[in-house]
**Q** 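Here's a structure for you.
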2 protein chains.
Amino acid sequence: MAEELGPIRAGRRRRPGRPTIAKITTEGIALAALELIDERGWAALTMSSLASRLGARAPSLYHHISGQHDLIDLVRDLVVAEIDVSMFKSLPLADALRAFGLSYHEVFARHPNTIPVLSVSPIRDGRTIGMYETVMVAMARHGWSGERSLEFLLALEYVALGTAFEWSAKDLMISTEAAEKFDAPLLASYVTSRTDQQVLAITTFTHLLDMLIAVFEVGDVASITRAGVSALTK
Amino acid sequence: MAEELGPIRAGRRRRPGRPTIAKITTEGIALAALELIDERGWAALTMSSLASRLGARAPSLYHHISGQHDLIDLVRDLVVAEIDVSMFKSLPLADALRAFGLSYHEVFARHPNTIPVLSVSPIRDGRTIGMYETVMVAMARHGWSGERSLEFLLALEYVALGTAFEWSAKDLMISTEAAEKFDAPLLASYVTSRTDQQVLAITTFTHLLDMLIAVFEVGDVASITRAGVSALTK
DNA sequence: ACCTGAACACCGTTCAAGT
DNA sequence: ACCTGAACACCGTTCAAGT
């Protein structure tokens with residue numbers, strides 16, 4: 001005899017209704033979002049693609065996050081969690097800053113696709129604020145002024161994010177093809193010769209980091225004169 | 001008697017058909033796009049809003065550009081056109097690099113909303129490639145290696161774009177509210193004390209630029225040792 | 001409480017119709 | 001050649017219906 005199902009079983013997919021155990025958690029959303037960005041970039045992070053990676057539908061996400069806006073904070077929190085700040089408890093300031101800078105760079109070189117959005121979105125998560133505070137406190141303990149501390153930290157970030165993105169992201173900023181197309185032979189030769197991108201990124205960043213530390217160790221950067229540095233011998 | 005108009009005059013707006021003089025030009029699109037970004041940011045740059053600023057409809061734009069993709073190149077071309085590179089013909093290298101850096105920073109401080117997209121999109125326009133080549137040629141003439149030239153130029157860009165964006169864009173990266181909310185008193189006090197954002201941005205950038213020039217003037221940045229710079233007296 | 005389909009307002013882009 | 005409305009496939013988000 002005909003079962004009495006009617007339109008209720010018209011489709012083959014799960015019908016609405018609260019599951020006995022939740023399918024989705026905020027942590028799960030964060031992890032899936034970072035995975036998606038690492039693999040395919042922010043443009044691929046749609047509510048639909050994110051939900052399907054979690055075995056659910058886009059509207060379900062709104063029970064756990066308030067909108068796309070929240071995704072940025074969740075992803076930043078995950079990435080910043082990978083940055084080591086423990087060295088400020090044990091090492092002298094200059095050594096700690098170097099180790100911190102290397103860790104910061106390393107983490108973003110591992111997640112270069114996060115940079116385009118994270119580098120231009122206001123910071124709203126506690127973990128990142130906490131990281132800044134840790135660095136600032138260590139600097140203050142060594143007598144650095146607020147201005148000097150902020151200038152150093154921001155310069156470190158710009159250079160770290162810039163090199164990590166420039167040499168790790170899928171699309172390089174300057175392509176050999178573009179340089180050749182517009183008849184810039186010198187630039188083309190420089191760009192082409194950067195063969196091992198990953199190694200060069202770390203080398204370049206390390207040079208710039210050491211330079212920053214050396215200069216800021218002396219005092220406020222305003223006190224460094226061009227004549228002074230020029231007088232240096234190798 | 002009823003005029004025989006039917007659906008033809010149903011609306012009051014212009015019907016399709018080629019106008020005797022074109023309403024839109026590629027230059028007009030570029031200028032309108034930059035205006036829109038300066039005023040309201042990239043998110044506000046929709047095909048619809050752009051077309052309406054030109055007195056046309058979104059599909060019309062496709063007769064002049066191939067898609068959103070092209071807008072980035074057009075906007076970059078306009079912005080880079082404002083950067084002065086004439087100093088490389090007249091000034092000694094160090095002075096030319098300083099004047100160039102200041103011009104570069106000034107232009108992006110005037111168009112901070114362009115930074116989030118321009119700083120992470122591959123360069124495809126001839127004017128920007130030409131700017132790089134000009135700087136590279138001047139450096140090569142003074143014996144700078146390709147590696148040294150690229151490292152300097154990229155470091156200059158990261159720092160210039162970073163400071164221009166940090167202190168000029170509508171949303172600051174670190175807000176006093178966030179620092180207070182997450183109990184980071186030192187950071188909060190530093191951020192709060194940055195009262196005159198515009199002036200500080202230029203000051204900070206100038207310090208870092210002078211530092212970069214001083215260090216790179218000596219040689220490849222790899223040759224600068226921490227001990228060497230630390231030995232500097234004020 | 002939490003998942004869902006349907007619905008809404010908006011995108012970018014294509015295309016045939018019109019001059 | 002160039003402008004247009006209509007149409008399409010896709011967004012993010014809301015909400016009532018369902019458990």
Side-chain angles (χ1 to χ4, degrees), chain A residues 4-30 32-33 36-37 40-75 116-117 121, chain B residues 4-30 32-33 36-37 40-75 116-117 121:
Chain A
E4 204 190 20
L5 293 170
I8 290 194
R9 184 122 89 31
R12 65 228 289 189
R13 295 208 215 78
R14 207 185 159 283
R15 282 181 295 111
R18 183 191 187 194
T20 47
I21 57 148
K23 304 173 69 169
I24 301 179
T25 62
T26 308
E27 283 85 5
I29 292 175
L36 212 38
I37 293 164
R40 310 200 275 125
W42 285 96
L45 183 73
T46 67
M47 289 302 193
S48 175
S49 68
L50 183 54
S52 88
R53 187 170 277 245
L54 296 163
R57 317 245 148 217
S60 309
L61 299 174
Y62 291 83
H63 290 282
H64 305 270
I65 60 174
S66 70
Q68 271 191 135
H69 191 267
D70 280 6
L71 291 178
I72 299 175
D73 299 324
L74 288 172
V75 169
V117 171
S121 305
Chain B
E4 204 189 20
L5 293 170
I8 291 194
R9 184 125 82 38
R12 64 225 292 184
R13 297 209 213 78
R14 205 182 162 286
R15 283 183 294 111
R18 181 191 188 197
T20 47
I21 56 150
K23 303 174 70 170
I24 301 180
T25 63
T26 307
E27 284 86 3
I29 291 175
L36 212 38
I37 293 163
R40 310 200 275 125
W42 284 96
L45 184 72
T46 66
M47 288 302 193
S48 175
S49 67
L50 183 54
S52 87
R53 189 170 274 245
L54 295 163
R57 318 246 147 216
S60 307
L61 299 174
Y62 291 83
H63 290 281
H64 305 270
I65 60 175
S66 70
Q68 270 193 135
H69 192 267
D70 280 6
L71 290 178
I72 299 175
D73 299 324
L74 289 172
V75 168
V117 171
S121 306

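Reminder, nothing fancy here: chain letters follow the sequence lines and each chain counts from 1.
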**Q** Could you tell me the separation between the CD1 atom of B:Ile65 and the P atom of D:dC2, rounded to a whole number of Å?
**A** 14 Å

**Q** Given atom CD of B:Gln68 and atom C1' of C:dT14, what is their separation to the nearest angstrom?
**A** 15 Å

**Q** Which pair of non-hydrogen atoms, one from B:Ala44 and one from B:Ser49, has the smallest distance, and what is that distance?
**A** O-OG, 2.8 Å

**Q** Compare side-chain N and O positions of B:His64 against OP1 and OP2 of D:dC3 and report whether any pair is under 4.0 Å apart.
**A** yes

**Q** With a 4.0 Å cut-off on heavy atoms, is A:Ser60 in touch with a base, just the backbone sugar-phosphate, or nothing at all?
**A** base

**Q** Which is it for B:Val117 and B:Ile37 under the side-chain contact (heavy atoms from CB on, under 4.5 Å) test, yes or no, and what are the steps along the way?
**A** CA-CA 10 Å; B:Val117 171; B:Ile37 293 163; over 6 Å; no

**Q** Please find the pair of heavy atoms, one from A:Gln68 and one from A:Met47, that lie closest to each other, and give the distance.
**A** N-CE, 3.4 Å

**Q** Whole Å only: how far is the NE2 atom of B:His69 from the P atom of C:dG12?
**A** 15 Å

**Q** Send over the distance from A:Leu45 CG to D:dC10 C1', rounded to a whole Å.
**A** 15 Å

**Q** Quick check on DNA chain C: between B:Ser48 and B:Pro19, whose nearest nucleotide comes earlier from the 5' end?
**A** B:Ser48

**Q** Between C:dC3, C:dG12, D:dG12, which one does the side chain of A:Thr46 approach most closely?
**A** D:dG12

**Q** For B:Pro59, which contact category applies under a 4.0 Å heavy-atom criterion: base, sugar-phosphate, or nothing?
**A** base

**Q** What is the minimum heavy-atom distance between B:Ala58 and B:Ala51, and which atoms define it?
**A** N-CB, 3.5 Å

**Q** In whole angstrom, what separates B:His63's NE2 from D:dG5's C1'?
**A** 12 Å

**Q** Between B:Ala22 and A:Tyr62, which residue's closest nucleotide on DNA chain D lies nearer the 5′ terminus?
**A** B:Ala22

**Q** Distance check needed: C:dA17 P versus B:Arg57 CZ, whole Å only.
**A** 20 Å

**Q** Could you identify the nucleotide paired to D:dA17, looking across every strand shown and requiring Watson-Crick or G-U wobble geometry with both distances under 3.5 Å?
**A** none

**Q** My understanding is that a pair needs two contacts under 3.5 Å, Watson-Crick or G-U wobble. By that rule, which nucleotide pairs with C:dG12?
**A** D:dC8

**Q** Tell me the interatomic distance from A:Met47, atom CE, to D:dC11, atom C1', rounded to whole angstroms.
**A** 11 Å

**Q** Write down the distance between CG (B:Leu50) and P (C:dG12), rounded to a whole number of angstrom.
**A** 9 Å

**Q** Would you name the heavy atoms of A:Ala56 and A:Lys23 that are closest together and state the gap between them?
**A** CA-NZ, 4.2 Å

**Q** In the strands shown, is C:dC3 matched to any nucleotide by a Watson-Crick or G-U wobble pair with both distances under 3.5 Å, and which?
**A** none

